[in-house]
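Everything quoted here is computed from the prediction, not taken from an experiment.
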Amino acid sequence: MERTLIKDLNQHINEQVTIQGWLHTLRDQKSMQFLIIRDRTGLVQVAHFKKGNLELAELISTLGTESALTLTGKVVENEIVKLGGLEIQLEDLHVEGAADVPLPFEPFGEENLPDQDFRLDWRYLDLRRDINRMIFEIQSTAEQGMREFWLENDFIEIHSPKIMGAPSESGAELFSLPYFERTAYLAQSPQFYKQMAMAAGFERVFEIGPVFRADPSFTSRHMTEFTGVDMEMSWIETHDDVMDLMERWLAYTYEKVIEKHEEAIESIFSVKLEAPKTPFPRITMADAHQLLDEIGYELPPDKKFDLDPGAERAIGAYFKEQQGHDYVFVTEWPFEARPFYHMLHPEKKGITLSFDLLGKGLEVATGAQREHRYDILQTQALAKGLTLEPIQNYLNYFRYGTPPHGGFGFGLSRFLMILLDLSNIREAVYLFRGPTRLTP
RNA sequence: GGGGGCGUGGUGUAGUGGUUCAACAUGCGGCCCUGUCAAGGCCGAGACCGCGGGUUCGAAUCCCGUCGCUCCCGCCA
């Protein structure tokens, strides 16, 4: 018999249906048994009169919570039932996957959740919670929105290699691995490869893929492997063009998520989603420092040209308060704080045509116009103390006619943290990878 | 890499020097209950209080070390 989803049961009143799901709770009484069954669409009560089928009653009594079941019965309306006003009168039950060992914790009590690290050990049970399922439904919708926007704007999706022969940037945070007779590295960014697509004349590309960072960081927002959302586009005039497109892209993504999940997000995450208004607020680094001064945030002396996380939170809070905006671009970062390939400002000395995007005070993206002129790029690499030889292959992209271009890198899980007010990136990613976490 | 915090039955917590300090909740097992509904009632099993050392007449409780986790900073998405 064909499976009926729990959310559709109200269309089958007085019919026999088959449902499949997990045993959420069992109330085993003297003459009756009530089974609350959960599938991905909801919960329903199944009632069984024991004397109707004593053998079945005995089987039910032995069921462990969270067993995977197939049940058949008649759907009846019943005003007494608090769960949706209907129930299924059980006729038959098949145990597909028994849960016959005690659960290590109660996955569904949101109040007394186990320690996060413990839940990560039991991630497949932790993920059974509605809130976790919803995070990844929302992520799917968000990614679809991102792709839709790009495809409608003539972008090409690329998949660049994650195994590399030479460190691409500083090399400090690279994982190395044995590669036949040599050493290879895991890509810490698709940066060089998406710029190669500019040299190839693709003009507009994006990539959503894994990124690896050998950072021994123990914070609520860092991972050693995460999903990077990257974009690069040609024929721009300045980094403003990248920001212009990016904010429309992000607003579009919000609209798609709101369209599909607005109510669920409000009820489950207590977040009232609104698409961020374009244009997003923009503030130069110089003005940001002045602002911090005015609102009394003191930066440490070594951050004279940079921001620290506290400053980012303060700036985010300021624009939320002043303009009601969750996002703000901080632009024109000093060359000291940026990689060698960011283009320098034509007039302002030592300033780059670059930006960071802060969402609710959290760094969620970095972008820039790239330096596409071979000679200048070489000079900038040397100024950063790099040796040209390892990056010569990259530098060569710019010797055969590469247009001016720019782009950004964006953290998918950080975006979900911002979107859903999650306080820890471990809750925003399917499986967390950190310096001391390689399983499950 | 630097700094702070935490570590008590399966899980979440209480207890911060001594006779009720090993408790409460939940989960688990058993029994009871003609329809329950995050059910309820009764009974039961389950922790030598992360590990090692020290102080003390006496340590879950204080000190040192160690391991684990966590947060912040550095760095970044």
Can A:Phe105 be said to stack with the base of B:U11, given centres closer than 5.5 angstrom and planes under 30 degrees apart?
-> no
Check every strand shown and say whether A:Leu362 touches a base, only sugar-phosphate, or nothing at a heavy-atom separation below 4.0 Å.
-> nothing
Determine the interatomic distance between P on B:G53 and the same-named atom on B:C72; round to the nearest Å.
-> 35 Å
Taking all non-hydrogen atoms of both residues into account, name the closest pair between A:Ala57 and A:Lys50 and its distance.
-> CB-CG, 3.7 Å
Whole-Å distance between B:G35 P and A:Leu83 CG?
-> 19 Å
A:Lys82 has an atom NZ; how far is it from atom C1' of B:C37, in whole Å?
-> 6 Å
P atom, B:G41 versus B:G5: distance in rounded Å?
-> 41 Å
Starting at atom NZ of A:Lys50, determine the distance to atom P of B:G35, rounded to an integer number of angstrom.
-> 11 Å
Does one side chain, of A:Thr72 or A:Thr18, offer a donor that lies under 3.5 Å from an acceptor on the other?
-> yes
Going 5' to 3' along nucleotides 70-77 of chain B, which nucleotides have protein heavy atoms under 4.0 Å from the base (write B), which only from the sugar-phosphate (write S), and which from neither (write -)?
-> SBBSBBBB
Separation of B:G35 C1' from A:Leu86 CG (nearest whole Å) = 15 Å
Atom CZ of A:Arg119 and atom P of B:G12 are separated, to the nearest Å, by 10 Å
Please measure how far the C1' atom in B:A45 lies from the corresponding atom in B:G27, and state the result in whole Å.
-> 13 Å
Quick one: label A:Asp28 by what it contacts on the DNA or RNA (base, sugar-phosphate, nothing), any heavy atom closer than 4.0 Å.
-> base
Taking atom types as modelled, find out whether A:Thr253 and A:Glu148 have a side-chain donor-acceptor pair closer than 3.5 angstrom.
-> no
Here the distance between atom P of B:U11 and atom CG of A:Asp126, to the nearest Å, is 15 Å
Worked check of side-chain contact (heavy atoms from CB on, under 4.5 Å) between A:Ile88 and A:Leu9 = CA-CA 9 Å; A:Ile88 293 174; A:Leu9 286 174; 3.9 Å; yes
Could you provide the dot-bracket string of RNA chain B, using ( ) for intrastrand pairs, [ ] for crossing pairs and | for bases paired to another strand, with Watson-Crick or G-U pairs below 3.5 Å?
-> ((((((((.[[[[.)..(....]]]].(((((.......))))).....[[[[[..)....]]]]])))))))....
How far, in whole Å, is B:U55 from B:C76 if one measures between their C1' atoms?
-> 46 Å
Under 3.5 Å, which N/O atoms of the protein pair with N/O atoms of nucleotides 23-29 of chain B?
from, atom 1, to, atom 2, distance (Å)
B:U26, O2', A:Glu106, OE1, 2.6

So what does A:Gln89 hit on the nucleic acid, given a heavy-atom distance under 4.0 Å: a base, only sugar-phosphate, or nothing?
-> nothing
Base, sugar-phosphate, or nothing: which does A:Val81 touch, judged by heavy atoms less than 4.0 Å apart?
-> base
Rounded to the Å, how far apart are A:Phe49 CZ and B:C33 P?
-> 17 Å
State whether A:Lys30 places a side-chain N or O below 4.0 Å from either non-bridging phosphate oxygen (OP1 or OP2) of B:C33.
-> yes
Write down the distance separating the C1' atoms in B:G54 and B:U13, rounded off to the nearest Å.
-> 30 Å
From CA spacing to verdict: side-chain contact (heavy atoms from CB on, under 4.5 Å), A:Leu56, A:Ile60 | CA-CA 6 Å; A:Leu56 187 55; A:Ile60 289 169; 4.1 Å; yes
Flag side-chain contact, heavy atom, 4.5 Å: A:Glu332 against A:Lys348 | yes
Would you say a side-chain N or O of A:Gln29 is under 4.0 Å from OP1 or OP2 of B:U36?
-> no
Member of A:Arg147, A:Lys194, A:Lys162 meeting the salt bridge (Lys or Arg N to Asp or Glu O under 4.0 Å) criterion with A:Glu207 = A:Lys162
Report yes or no: is the cationic atom of A:Lys384 (NZ for Lys, CZ for Arg) closer than 6.0 Å to the six-membered ring centre of A:Phe335, at no more than 45° off its axis?
-> yes
Is the Lys NZ or Arg CZ of A:Arg426 less than 6.0 Å from the centre of A:Phe432's six-membered ring, within 45° of the axis?
-> yes
Integer angstrom distance from the C1' of B:C62 to that of B:G17 | 8 Å
Any side-chain donor paired with an acceptor under 3.5 Å for A:Tyr297 and A:Asp308?
-> yes
For A:Trp122 and B:G12, give me the distance from atom CH2 to atom C1', rounded to whole Å.
-> 17 Å
Rounded P spacing from B:C31 to B:A25 in Å | 22 Å
Side-chain donor-acceptor contact under 3.5 Å, A:Thr70 with A:Glu96 | yes
Distance between P atoms of B:G65 and B:G2 (Å, rounded) = 15 Å
A:Gln195-A:Tyr394 side chain donor-acceptor pair, cut-off 3.5 Å | yes
Take A:Asp326 and A:Lys277 through the test salt bridge (charged side-chain N to carboxylate O under 4.0 Å, His left out) and record every step on the way to the result.
-> CA-CA 9 Å; A:Asp326 283 334; A:Lys277 289 186 181 59; over 6 Å; no
